Amino acid sequence: MNRMQNSSREVLLKRINEVSFAVSDILLFLDTHPDCQEALAFYQKNVAIRKEALAEYARLYGPLTIDTADDTCSRSWEWVQQPFPREVKGGCR
């Protein structure tokens, strides 16, 4: 993998992590403020951003989550054969 692609991959992973944190955090807020329309709009916006980022990552590098895996045409459970993000950086192999 070339340096530019590795950088893009890291940027996309960072974006997924950031938006995933925002979604998790706003869910905690919504637990105690279920009628807050501003928080609900923030949640919906960030869920859409996260879904789009996960789909982009899956298209470019393979799925990170089961809901972004497309194994409908496979004869076996292949999505898990992709290297995990932590394996790509070289620390675990």
Side-chain angles (χ1 to χ4, degrees):
M1 184 178 318
N2 67 37
R3 188 178 195 105
M4 177 76 118
Q5 186 180 9
N6 194 26
S7 176
S8 297
R9 185 180 198 154
E10 289 175 9
V11 168
L12 187 53
L13 259 178
K14 184 177 183 223
R15 181 68 178 139
I16 290 168
N17 286 334
E18 290 169 350
V19 76
S20 294
F21 178 84
V23 167
S24 295
D25 196 47
I26 200 65
L27 281 173
L28 294 173
F29 181 82
L30 283 167
D31 284 345
T32 58
H33 302 79
D35 297 325
C36 180
Q37 294 302 306
E38 187 178 347
L40 188 58
F42 180 85
Y43 167 76
Q44 291 167 339
K45 175 185 170 192
N46 281 278
V47 164
I49 291 169
R50 181 179 184 274
K51 184 177 181 180
E52 184 178 312
L54 283 169
E56 179 71 4
Y57 189 96
R59 185 180 68 75
L60 294 172
Y61 309 110
L64 284 175
T65 61
I66 190 65
D67 54 320
T68 58
D70 182 18
D71 266 358
T72 55
C73 298
S74 299
R75 289 191 217 142
S76 65
W77 194 245
E78 296 173 357
W79 81 275
V80 297
Q81 294 175 7
Q82 298 288 328
F84 289 108
R86 66 180 181 271
E87 294 174 326
V88 174
K89 286 186 156 184
C92 294
R93 285 196 169 190

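Bear in mind that the values here come from a model prediction, so they are computed numbers and not experimental data. Basis for what follows: all heavy atoms, side chains included, without hydrogens, waters or symmetry-related copies.
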The reported gap from CD in Glu10 to CG in Asn17 (rounded to nearest 0.5 angstrom) is 11.5 Å
Distance col, row Arg15:CZ vs Leu13:CG, nearest 0.5 angstrom, shows 13.0 Å
For residues 31-41, the side-chain hydrogen bond (donor to acceptor under 3.5 Å, both in side chains) pairs (sequence neighbours left out) are none
Scanning both residues in full, the closest heavy-atom pair of Arg9 with Tyr61 reads N-OH, 3.4 Å
Residues 43-57 vs salt bridge (charged side-chain N to carboxylate O under 4.0 Å, His left out), sequence neighbours excluded, gives Glu56-Arg59
- Task: State yes or no: do Leu60 and Leu54 share one hydrophobic cluster built from I, L, V, M, F, W and Y residues joined by side-chain heavy-atom distances below 4.5 Å, directly or via other members?
- Result: yes
Tracing side-chain contacts under 4.5 Å among Ile, Leu, Val, Met, Phe, Trp and Tyr outward from Phe29 reaches Val23, Ile26, Leu27, Leu30, Leu40, Phe42, Tyr43, Val47
When rounded to the nearest 0.5 Å, the distance separating CD of Gln44 from CG of Asn46 is 10.5 Å
